[in-house]
Structure formats: C-alpha cells, structure tokens
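Report on one structure; see the data block that follows.
Counting convention: from 1, in listed order, for ligands and their atoms alike.
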Amino acid sequence: MTPTSLSTPALLIEDERFKRNVARMNRQLDRLGVPLRPHLKTVKNIELARRMMADHATGATVSTLAEADYFFAHGIDDLLYAVGIAPGKLAEAAHRIANGMQLSLILDHPDTARAVAQAATEHETDFQVLLEIDADGHRAGFRPDDPSLIEAARILHGGGATAAGVMVHAGGSYGCRDRDCLVRMARQECDVAVAAARELRGAGFGAPVVSVGSTPTALFAEDLTGVTEVRAGVYAFMDLVMTGLGVCDIDDIAISVLTEVIGHRKLEGQAIIDAGWMSLSRDRGTANQAIDRGYGVVCDEIGRLLSPEVIVQATNQEHGILARRDGESLDLGQLPIGRRLRVLPNHACATAGQFETMWLIGADGQAIERLERCRGW
Ligand SMILES: Cc1ncc(COP(=O)(O)O)c(C=O)c1O
C-alpha cells in the first residue's frame, strides 16, 4: 500500500516526525529527571505506544477501560485510568485488577471515595487511587486547600483502598498565548501537585505518587522537583492547537488526513473534499487562538503546505469545504477533481479518534505499515 493507492479519507502518521516528537519529550524529561507515563489515548496503538515508552516509562495512562484492556492484552500492566472513576465501573475495575492489571484510578469527591471504599470491601480489592487536584480551574479536581481532600483519603483508607498520591492535569495551559504563560502553568501544575501531596503526607498518608502533565506543561517545565511522573500524549502527533500555542512548528505535525478533491464551488472560489467532520472531527480548538485554522490546514499529497491561507473552512458529515482565510478565491486550476491532499487537524486525539486504522508513512512518502487503533469505552 502507498498513499496513492489508499482509499480516502485515510489517517496518515509521518514516521520521521513521530520519532522526532518522541525524542524531544524524552530529552526534556531526561533533563528534568522525571519518568514518563505517556497518555496513550492519542495513539491508541501498541507499536506506537512501545516506541513512546521504550526506556522511558514502565507504565502508561489511558482514558477508557477499552484502552486499558487493549494495552494490557499487549503486555502493558501498569495503567492509570485518568478519568474520574464512575461508581458504575468499579466492579469492572475490580475484575481487571483481580486478573493482574495494575490499574490505578482517580477521583475528586468524597462520595466517589465512599463508592470506591465500598467496592474495595465488597470485591476485596485494594484499589490504588490518585486524588485529582485542580491547578487552574480548568476542569475537575479538589482545590488544593479543600479539607475534603483529606476526608476522601480517610474514606478510602477506611474501606481498605489506598490513597496512592495526587494527579494534576493543567488543561488551562491550552488557553495560553505566550511562552511565559506556558512556563508559569507548568510551574503552577508542579507546585499545586507537590503541595497537595504534602498535605496528604502531613495527614499520615504515604502518597508516593505525584503525577502531572499535559503536552504544553511537560515541554515547558523548567523544574519538576517533587514530581514522580509526567503524563503527556498529544506530543507524539502534535496538531494545530499545539502550533497555535507555540509548543511546536507546523512541520512537527505528524498526523494528517488524506483526502481527495471531489467538487468545485466556482462562484465562491471554493473546493470540496471527501473529508468532513466524520473524519476530521468537529474540534474547533484553534477558533480562539490568534490564527483560526477552521477545521484544518491543507497540504499537498506529500505533506507540503499549499499555503497557510488554505483551510478547511466548513464541514458536513463527509464533505469539507476548502477556502482561503483571507476570503480570496482559491485557484481551482490547482485543485482539479481527484487531486489528493492532506489536512493537518486542530486536535490530534479527536481526529485520530474517528479512524479504526492509520498508516505509518516513511521518509520516502510511502506507507510502510498499517496500524490498528483500539476503539470504544
Ligand atoms: C488527565 C490527563 N492527563 C494527561 C493528558 C495529556 O495531555 P496532552 O493531551 O496535552 O498531552 C490529558 C489530556 O487530555 C488528560 O486528560
């Protein structure tokens, strides 16, 4: 199979760029002296996961139990399920732990801790639980000074589960506009995590794990003293949101969607491609950045930018509308029906999540391997 023979839309991963992105994160964490626990929700594939973990990680992070099962079946035992545990999933989690998976959970509410404690007693399972801490008001987590943090740890302990430590995800870093903000967010993520672990230890809990991470904060952290692991995932593929944040260059984006021109809107000076939101996703992560990239930036078949101006401006389910950001007409002579193009997406995880398989593309532009992607929840 080569890109020219692939049916479109197809998900492509540039091997050289993937390799470069992985090496960059490894260098950064080697410098900081902290191990990686990569978030595998981006790649959802064992070959790429092994390359992310080689020599740098013993455990990984997942966002679904389906990912946990898939990676466990391929030999990765130590898995952090980094979405607040739904009480309804505790029996399933206990079952996996009984089968040898070292599955850790996260939670951020005393009532969830109660449910975990009850399930620990019921299933005779010593659940290892990280207490999620909110560093920036972005999403979930105990505020670091919230007394219910210690209360949750006590409840867990009372039911025979373990408060193994804390975890923070500085999702607020995705809203940064400059380098100083990224450095500050990384500092804040680390400080909040270390302070919360100190609180737990002060209350008599061991709390050995201090887990932080997002791609922007991992790459812009200057010091991670007190942190025991870093979770990052999107760094392996990178995307336009990361480019907009100044975390990477457009040439670092390893992921793209191969598509074909299927129509022209002559009056509007626009072209139609066979990649709509079903393949690109509805993610509009660049909408609030300095440069709004629509649903993605358009490259030629071998990945060279047509022009930073040419974007997928609108999408239907299976149609994408190509247009220029400046409102000028496209040169439709350069976009004949049947021309193959690649679209660089806003959000790698969301776009990759639309596909069951992806194609690894070698330096010579040829597809070298078909990779499966795990699916479901
Ligand atoms: C809990 C948690 N940890 C780590 C990550 C990885 O961050 P990134 O996607 O920026 O690499 C995510 C991403 O959403 C996450 O939700």
Side-chain angles (χ1 to χ4, degrees), residues 18 21-22 24-26 28-29 34-44 48-49 52-53 56-57 59-65 67-68 71 79-86 103-108 129-142 165-176 181-182 185-186 188-190 192-193 196 209-221 224 227-248 252-255 281 283 285-286 289 345-353 377:
F18 174 84
N21 294 338
V22 166
R24 177 182 171 199
M25 182 62 78
N26 290 344
Q28 161 73 347
L29 296 187
V34 185
L36 177 65
R37 179 183 283 278
H39 206 316
L40 302 181
K41 73 188 180 121
T42 313
V43 297
K44 290 192 187 247
L48 298 186
M52 291 163 80
M53 294 177 72
H56 290 270
T61 310
V62 293
S63 61
T64 65
L65 290 180
E67 286 167 33
F71 289 112
L79 294 160
L80 170 64
Y81 172 44
V83 176
I85 186 67
L103 181 70
S104 318
L105 309 177
I106 69 168
L107 62 82
D108 71 349
V129 181
L130 300 186
L131 297 165
E132 182 168 14
I133 313 294
D134 180 7
D136 52 20
H138 174 69
R139 188 170 63 192
F142 293 100
V166 296
M167 63 78 70
V168 182
H169 169 60
S173 63
Y174 305 133
C176 280
C181 174
L182 293 169
M185 292 301 284
Q188 187 171 314
E189 183 181 52
C190 171
V192 165
V209 181
V210 181
S211 179
V212 302
S214 68
T215 289
T217 51
L219 288 172
F220 284 79
L224 289 179
V227 165
T228 63
E229 63 182 32
V230 169
R231 308 175 320 277
V234 86
Y235 73 95
F237 288 172
M238 293 297 189
D239 55 28
L240 291 171
V241 167
M242 290 298 133
T243 307
L245 285 175
V247 169
C248 70
D252 296 320
I253 300 177
I255 179 172
S281 91
D283 196 288
T286 57
Q289 293 190 324
N346 282 326
H347 184 180
C349 310
T351 298
W377 280 267

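Per-residue contacts place Thr215 under 4.0 angstrom from the following atoms of ligand 1 (heavy atoms of the residue considered): 7 (O), 8 (P), 10 (O), 11 (O). Interface of Gly233 with ligand 1, defined as ligand atoms under 4.0 Å from a residue heavy atom, comprises 6 (C), 8 (P), 11 (O). Applying the 4.0 Å criterion to heavy atoms of Gly213 picks out, from ligand 1, the atoms 3 (N), 4 (C). Remark: ligand 1 atoms within the under-4.0 Å shell around heavy atoms of Ala82 are 1 (C). Residue contact check: Met167 has heavy atoms under 4.0 Å from atoms 1 (C) of ligand 1. Heavy-atom contacts of His39 reach the following atoms of ligand 1: 2 (C), 3 (N), 4 (C), 5 (C), 12 (C), 15 (C) (cutoff under 4.0 Å).
One N or O on the side chain of His169 and one on the backbone of Gly213 form a donor-acceptor pair closer than 3.5 Å. Although no hydrogens or angles enter the test, the distance criterion places no donor-acceptor pair under 3.5 Å between the side chain of Glu189 and the main chain of Ala135. With hydrogens and angles ignored, the 3.5 Å screen pairs no side-chain donor or acceptor of Thr286 with any backbone N or O of Gln289. Judged purely by atom type and a 3.5 angstrom limit, Asp108 uses its side chain to pair as donor or acceptor with the backbone of Gly141.
Residue Ala232 places no N or O, backbone or side chain, under 3.5 Å from any N or O of ligand 1. Of the polar atoms of Arg231, at least one N or O is found under 3.5 Å from an N or O of ligand 1, judged by distance alone.
Residues Thr64 and Lys41 have side chains not in contact (no heavy-atom distance under 4.5 Å, counting atoms from C-beta outward). Contact check for Val247 versus Asp252: no side-chain heavy atoms found under the 4.5 Å cut-off. In this structure, Leu130 and Val166 have side chains that are not in contact, with every pair of non-hydrogen atoms separated by 4.5 Å or more. Put simply, the side chain of Met52 reaches to within 4.5 Å of the side chain of Tyr235, judged on heavy atoms.
Looking only at heavy atoms of the protein, atom 16 (O) of ligand 1 is closest to Arg139 NH2, 3.0 Å. Closest to atom 14 (O) of ligand 1, if we only count protein heavy atoms, is Lys41 NZ, 2.9 Å. Remark: minimum distance from atom 8 (P) of ligand 1 to any protein heavy atom is reached at Tyr174 OH, 3.3 Å.
Here the rule is side-chain contact (heavy atoms from CB on, under 4.5 Å) with Asn346, and of Thr243, Asp283, Thr351 only Asp283 fits it.
Residue Pro216 touches ligand 1 through its side chain alone, judged by heavy-atom distances below 4.0 Å.
Residue His169 holds the heavy atom nearest to atom 15 (C) of ligand 1 of all those in Met238, His169, Met25.
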